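My questions will all concern the structure given below.
In this text the structure is predicted, and so the values were computed from the model without any measurement.
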Amino acid sequence: LFAGSFVSFNSFASSLTVVSFTIFLPLSNSRALKVPLSSCKCASKGLRLFFFSSSVKLKISLNFSDEIKEYFTKTYDGVPAVGINENNAICVNGKPFFPIFPWGLSTTSYGNWANNSYLNSLCGTGWWQENLTSWKNYLAQAGQYNLPFIGPAMWEGLPGTVEGGKEKRNADINIMAQYVNETKDTENLLMWCWLDEPDLGGGEHTTAPVVRSWDYKCHQLDPHHLMYTNLVGYAFSKNASDYTKDHIKEYCYLYSAPSFGGRKTLMTDVYCFDYYPYEYGDDSRYSVNDMIFAMERIQEWNYNLVPFMTWVEVCDIEADQDPPPTPEQLKHIIWVNIIHGAKGIGWFNHFYEIGTERFAVMSEFVRQLDTLAPIILGPEPEIEVTDDANQTGRRIDVMVRTDSLYIYLFTVRVTEPEESNQAPIQVTFNVADGGDGEVEVYGESRKLTISNGTFSDSFAPCDVHIYKIAQQV
């Protein structure tokens, strides 16, 4: 919704009114109106928006008592098996879930990865396993370890390759329907995925309307699961060419109208991208700072309406490029992604060895998220936090969350590959209403003193610190 005055909302279906409220929209801003639907009963319903403004010229050119009607069909009561809540968190049976998954992991590795806590979910069947039987087998094997699955990603209804050209667009919708109908009730199905990086292929790419049509078909047959789509992260770089930026905009809500008959449209339910700042660290176009810019851009270009996830490099990808991230760099880049909005993390585990030390970082992260995921996926509180490290080479990025007892500060020293040998820095934080007492440094078996909301700590390059501060009564 764009700038206006008072907006009143209610939903209607026969004589049933589910919810109503009135909000004030500042005249100089745009605002997304999030509609609570979890209490809606099974029915076809409409959303009616009344705009009360007799003197203000709105972007949507509505006057006093004008209205917009939107319709949707809900074929079940309560929440879906997998959905999205008001904080853009992916939810399984109504509970927020932070997916952590490798790409195309072989079924023979499921036990080792699950037992060592390297993952909590899976994404994509293996190469050369592109048929419904193998998809069912992947789901069954994953189910033995209670691993939710995003897939299939590879399937025989999508012939051709990037080199194969327009064949990629000609997905067999009947085969897709067969996949959905025969596996939609599988308990550990998390999200559908039909093609990785549809934006690749130059003039032969798979267009956003085609991807959206897959999303529509999935929801028509299966209203209980989301659809996930991964895009090329470098296209969102500040250094991307004008052609590349214009091309990727087709897939983003704010710029989608020309591709969808004049109406802005979300292409998919969950966006993801891959950007590997260490693998290509010797290329001046790519950096940790640019990755952050790209993450913020993909979320802004989709108006922060749906969840966003990222892929993280956990091994060397190309032998002739830079070496893989060190364990410290891996931990650093994971938390940079989370602090800048990622609601899930994928491990890009190809094409070389991960190694014991990086596996240890992955395991530590998965175990930490068992406890921290509900906090990370919670709402952003209105608590002002400031620090004195906001310049190149001396930059700390912070994400603030709360639970009923604590304020949590998730912090990371943003470090480029060439800055890894710099000296530690001392950083001072001020937390509004932080009070006096102790600050627990989560997972580090140490505490700091906070006085009048202020405390200090040391950050070596790539350091990540998570602070717990008791909320003041």
Problem - Met291 side chain reached by Pro277 side chain, heavy atoms, under 4.5 Å - result: yes
Fill in the blank from the handout: Interatomic distance, CG@Leu377 vs CG@Asn87, rounded to 0.5 Å, equals 8.5 Å
Exercise for the section: Using a 4.5 Å cut-off on heavy atoms from C-beta on, say whether the side chain of Cys91 contacts that of Val79. Expected result: no
Handout entry: Thr449 versus Glu438, side-chain donor and acceptor atoms under 3.5 Å
Key = no
Problem - His205 side chain near Pro198 side chain, heavy-atom distance below 4.5 Å - result: no
Exercise for the section: For the pair Trp335 and Phe410, name the ring-plane relationship: parallel under 30°, tilted 30 to 60°, perpendicular over 60°. Expected result: parallel
Practice task
For residues Asp274 and Val312, determine if any side-chain heavy atom of one lies less than 4.5 Å from a side-chain heavy atom of the other.
Solution key: no
Handout entry: Distance-only side-chain donor-acceptor flag, Glu318 / Tyr280, under 3.5 Å
Key = yes
Exercise for the section: Using a cut-off of 6.0 Å, state whether more than 12 heavy atoms not belonging to Gln426 lie near its atom CD. Expected result: yes
Handout entry: Side chains of Leu409 and Ile407 in contact at under 4.5 Å (non-hydrogen atoms)
Key = yes
Handout entry: Spatial distance of atom OG (Ser259) from atom NZ (Lys249) [nearest 0.5 Å]
Key = 12.5 Å
Exercise for the section: Tell me yes or no: between the side chains of Asp222 and Trp192, is some donor less than 3.5 Å from an acceptor? Expected result: yes
Exercise for the section: Establish, from distance only, whether the side-chain atoms of Tyr278 and Asp322 form a donor-acceptor pair under 3.5 Å. Expected result: no
Exercise for the section: Verify whether the ring centers belonging to His225 and His219 lie closer than 6.0 Å. Expected result: no
Handout entry: Lys NZ or Arg CZ of Lys468 over Tyr408 ring: under 6.0 Å, within 45°
Key = no
Practice task
Report the C-alpha separation of Asp457 and Arg413 in whole Å, then their side-chain angles, then the decisive distance to 0.1 Å, and conclude whether the salt bridge (charged side-chain N to carboxylate O under 4.0 Å, His left out) test is met.
Solution key: CA-CA 12 Å; Asp457 200 7; Arg413 180 176 174 182; over 6 Å; no
Practice task
Using only heavy-atom distances, determine whether the side chains of Ser451 and Thr454 contain a donor-acceptor pair under 3.5 Å.
Solution key: no
Exercise for the section: Could you tell me if the ring centre of Tyr228 sits under 6.0 Å from that of Trp194? Expected result: no
Problem - Parallel, tilted or perpendicular, as decided by the 30° and 60° cut-offs, for the rings of Tyr234 and Tyr275 - result: tilted
Problem - Donor-acceptor pair between Thr265 and Ser256 side chains, under 3.5 angstrom - result: no
Problem - Over 12 non-hydrogen atoms of neighbours within 6.0 angstrom of CG in Asn116 - result: yes
Handout entry: Lys/Arg N to Asp/Glu carboxylate O, Glu440 vs Lys447, below 4.0 Å
Key = no
Problem - Euclidean distance, Leu105 CG relative to Leu119 CG, rounded to 0.5 Å - result: 7.0 Å
Practice task
Specify whether His465 and Tyr467 have parallel, tilted or perpendicular ring planes, treating 30° as the upper limit for parallel and 60° as the lower limit for perpendicular.
Solution key: tilted
Handout entry: Heavy-atom neighbours of Glu353 CD exceed 12 at 6.0 Å
Key = no
Handout entry: Note, Trp113 side chain near Leu147 side chain (heavy atom, < 4.5 Å)
Key = no
Problem - is_close_aromatic(Phe101, Phe149), centroid dist under 6.0 Å - result: no
Problem - Residue pair His340 / Glu296: nearest heavy atoms and the distance that separates them - result: ND1-OE2, 3.4 Å
Exercise for the section: May I ask you to test the Asp397-Thr411 pair for a side-chain heavy-atom distance under 4.5 Å? Expected result: no
Problem - Salt-bridge contact Asp370-Arg367 (side-chain N to carboxylate O under 4.0 Å) - result: no
Handout entry: Pair Arg395 + Asp387: basic N to acidic O under 4.0 Å
Key = no
